[in-house]
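Below is one structure, written out as structure tokens, with a few remarks after it.
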Amino acid sequence: MKTDRRGFLLAVAAAAGCRSGRRGPARKLTVGLGSYHTMSPFYLAYERGYFHDAGLDIQTHVARNTSEAMPLLAQGALDVGLFSLSSGLCNLVAKGAPIRIAAARDCVAECVDVAVLYERKASFPHGDDAGAAWEGKRVALPQRGAVSDYWFDVLRERLKLPPRAVHKMYMDRAAGLAALLSGGVDAMLNGFAFPIDLGARSGEFLRNDTVGHTMQGSQFSYIMFSRKLIEDDPELGADFLRAFFRGTREYVAGATPAFLRNWASENGMDPEAVAHVCRNTVVPGGTVDVADLQKFLDWLADSHYIQPMRAEALADSRWLERVRRKNS
């Protein structure tokens with residue numbers, strides 16, 4: 001893992017300007033995050049100096065995936081994590097790791113491609129709306145024991161199919177797409193906001209929105225705090241959230257960080273198209289849907305990824321409560 005300074009180099013002018021900020025030395029926090037467009041609210045808050053205004057000195061570590069970051073969060077090498085929930089994190093917490101969900105970040109929305117299934121027409125000659133059509137099919141999923149795995153099982157149960165009726169194959173996006181195009185799998189679940197570009201071969205595939213419709217509004221990524229924020233004065237965590245939510249509100253209202261345009265260019269995407277992606281996936285106030293979280297935890301336990309766990313063991317509302325009191 002390496003330190004990512006790109007977002008901060010983009011924000012030098014904003015951070016170096018004369019701002020009102022808190023008096024006294026800045027309080028250092030290390031934030032772990034992925035290199036995804038969904039990090040835009042964080043980067044917008046940084047580029048506009050909102051963390052600086054709150055008296056925070058923010059450093060970042062970019063992780064390739066949640067599994068890579070969770071041990072660092074558990075050890076306290078990361079103070080904040082902006083990640084999706086996984087079975088690995090839950091097992092760390094069950095073993096006593098000081099990690100808590102402080103707020104929700106993103107949820108499933110129909111305006112983006114998250115949770116959409118791409119299916120080979122040849123594999124579903126009679127359609128895809130009956131359980132019999134899925135028996136024996138091979139489905140590419142991004143990660144075992146993650147929300148995408150859960151989303152597909154919601155569909156499988158809706159089709160009244162037993163777990164072994166469908167073959168789950170876990171692979172990253174590039175490998176999944178290659179398998180879909182070659183016939184190595186019959187379907188692929190998109191875990192990305194942007195549609196899969198099938199080019200001239202798009203006519204060979206079906207686009208199934210059932211999972212996205214079923215899971216609409218379901219939260220899947222969070223702001224997680226580790227030991228320093230759990231054990232320190234709760235006002236420190238509340239200050240981080242206030243600055244983050246300030247960036248979130250402005251992002252939802254249409255502001256675009258320099259980070260997002262640079263991210264699009266680096267990934268060979270049209271910056272203007274990326275800048276206009278639907279932003280209704282963001283949870284502006286950060287309120288954790290505890291009932292929704294519990295459903296995912298119950299699925300993890302039923303699937304033997306974790307021991308039974310209550311949502312209250314993960315979600316801690318003390319920081320959000322301070323944010324709300326100050327805003328009221």
Side-chain angles (χ1 to χ4, degrees), residues 1 30-34 36 38-39 61 63-108 114-115 141-157 163 168 170-172 189 191 211 214-215 217-231 237 240-241 281 283 286-320:
M1 182 181 295
T30 303
V31 179
L33 68 172
Y36 306 111
T38 53
M39 302 300 145
H61 279 279
R64 290 173 297 178
N65 52 54
T66 303
S67 298
E68 181 183 277
M70 286 306 105
L72 295 174
L73 200 62
Q75 295 159 13
L78 300 177
D79 302 309
V80 181
L82 309 181
F83 299 110
S84 297
L85 192 58
S86 67
S87 57
L89 179 138
C90 295
N91 282 320
L92 285 171
V93 172
K95 293 176 182 177
I99 304 172
R100 295 295 181 270
I101 292 173
R105 288 197 310 119
D106 294 292
C107 64
V108 179
V114 169
L141 299 170
Q143 188 178 352
R144 183 187 301 273
V147 288
S148 53
D149 197 358
Y150 165 55
W151 293 338
F152 183 76
D153 264 8
V154 170
L155 173 64
R156 179 186 55 73
E157 291 174 3
K168 296 179 179 180
Y170 301 98
M171 55 189 76
D172 63 28
L189 184 69
V211 178
T214 303
M215 301 307 301
S218 180
Q219 296 175 351
F220 62 87
S221 68
Y222 300 90
I223 299 173
M224 303 170 189
F225 287 171
S226 68
R227 185 184 303 277
K228 182 175 182 177
L229 289 168
I230 292 172
E231 296 181 353
F240 177 88
L241 292 181
T281 60
V283 181
T287 300
V288 177
D289 185 335
V290 176
D292 187 45
L293 175 59
Q294 189 63 58
K295 289 179 183 178
F296 179 54
L297 295 176
D298 290 344
W299 173 82
L300 285 174
D302 291 343
S303 302
H304 308 292
Y305 288 121
I306 67 170
Q307 293 297 313
M309 175 180 285
R310 299 302 303 167
E312 290 78 9
L314 276 174
D316 190 331
S317 63
R318 73 179 108 162
W319 302 284
L320 273 180

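Residue indices begin at 1 and follow the sequence shown.
- Ring geometry for Tyr150 against Phe296 counts as tilted: the plane angle lies between 30° and 60°, on a 0 to 90° scale.
- Residues Leu229 and Val80 have side chains in contact (heavy-atom distance under 4.5 Å, counting atoms from C-beta outward).
- Aromatic ring orientation, Phe220 versus Trp151: perpendicular (interplanar angle above 60°, classes split at 30° and 60°).
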Which is it for Leu314 and Met224 under the side chain to side chain contact (heavy atoms under 4.5 Å, CB included) test, yes or no, and what are the steps along the way?
CA-CA 9 Å; Leu314 276 174; Met224 303 170 189; over 6 Å; no

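- Under the 3.5 Å distance criterion, with hydrogens and angles disregarded, a donor-acceptor pair is assigned to the side chains of Gln143 and Ser67.
- The two atoms that bring Ala74 and Ala97 nearest to each other are CB-CB, 3.9 Å, heavy atoms only.
- Counting all heavy atoms, side chain and backbone alike, Gln294 lies closest to Met309 at NE2-O, 3.0 Å.
- Annotation for Ser221 and Asp106: closest pair OG-OD2, 2.9 Å, computed over non-hydrogen atoms.
- Residue Leu297 holds its CG atom at 4.5 Å from CG of Leu293, rounded to the nearest 0.5 Å.
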Step by step, would you call Val154 with Val211 a side chain to side chain contact (heavy atoms under 4.5 Å, CB included)?
CA-CA 8 Å; Val154 170; Val211 178; over 6 Å; no

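- Across all non-hydrogen atoms, the minimal contact from Ala69 to Phe83 is CB-CZ, 3.3 Å.
- A salt bridge is absent between Arg227 and Asp79: the closest approach of a Lys/Arg side-chain nitrogen to an acidic carboxylate oxygen does not fall below 4.0 angstrom.
- Note: Tyr305 and Trp299 meet the aromatic proximity criterion, with ring centroids under 6.0 Å apart.
- Distance alone, capped at 3.5 Å, places no donor-acceptor pair between the Ser218 side chain and the Val108 backbone.
- Using a 4.5 Å heavy-atom threshold, the side chains of Val288 and Gln219 count as touching.
- Counting heavy atoms from C-beta on, the side chains of Arg100 and Val93 come closer than 4.5 Å.
- The shortest non-hydrogen separation linking Ile306 to Cys90 is CG2-CB, 3.9 Å.
- For the atom pair Arg144 CZ and Ser303 OG, the distance stands at 10.5 Å (nearest 0.5 Å).
- In this structure the side chain of Leu155 never reaches within 4.5 angstrom of the side chain of Thr214, judged on heavy atoms.
- When atom types are taken as modelled, the side chain of Arg318 and the backbone of Ile230 share a donor-acceptor pair closer than 3.5 angstrom.
- Asp298 has no carboxylate O lying under 4.0 Å from a charged side-chain N of Lys295, or vice versa, which leaves the two without a salt bridge.
- Between the CG atom in Leu189 and the NZ atom in Lys168 there is a gap of 10.5 Å [rounded to 0.5 Å].
- The shortest side-chain heavy-atom distance between Thr281 and Arg105 does not fall under the 4.5 Å cut-off.
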Stepwise, does the side chain to side chain contact (heavy atoms under 4.5 Å, CB included) test hold for His61 with Leu78?
CA-CA 8 Å; His61 279 279; Leu78 300 177; 3.9 Å; yes

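- Asp153 contributes no side-chain N or O that, together with a main-chain N or O of Arg156, makes up a donor-acceptor pair within less than 3.5 Å.
- Proximity of a side-chain donor or acceptor of Ser226 to a complementary backbone N or O of Gly76 within less than 3.5 Å is not detected.
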Could you walk me through whether Phe225 and Ile99 pass the side chain to side chain contact (heavy atoms under 4.5 Å, CB included) check?
CA-CA 6 Å; Phe225 287 171; Ile99 304 172; over 6 Å; no

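- Within the 4.5 Å cutoff, side-chain heavy atoms of Leu320 are placed close to those of Leu241.
- Contact between Val290 and Ala311 at its shortest, heavy atoms only, is CG1-CB, 3.6 Å.
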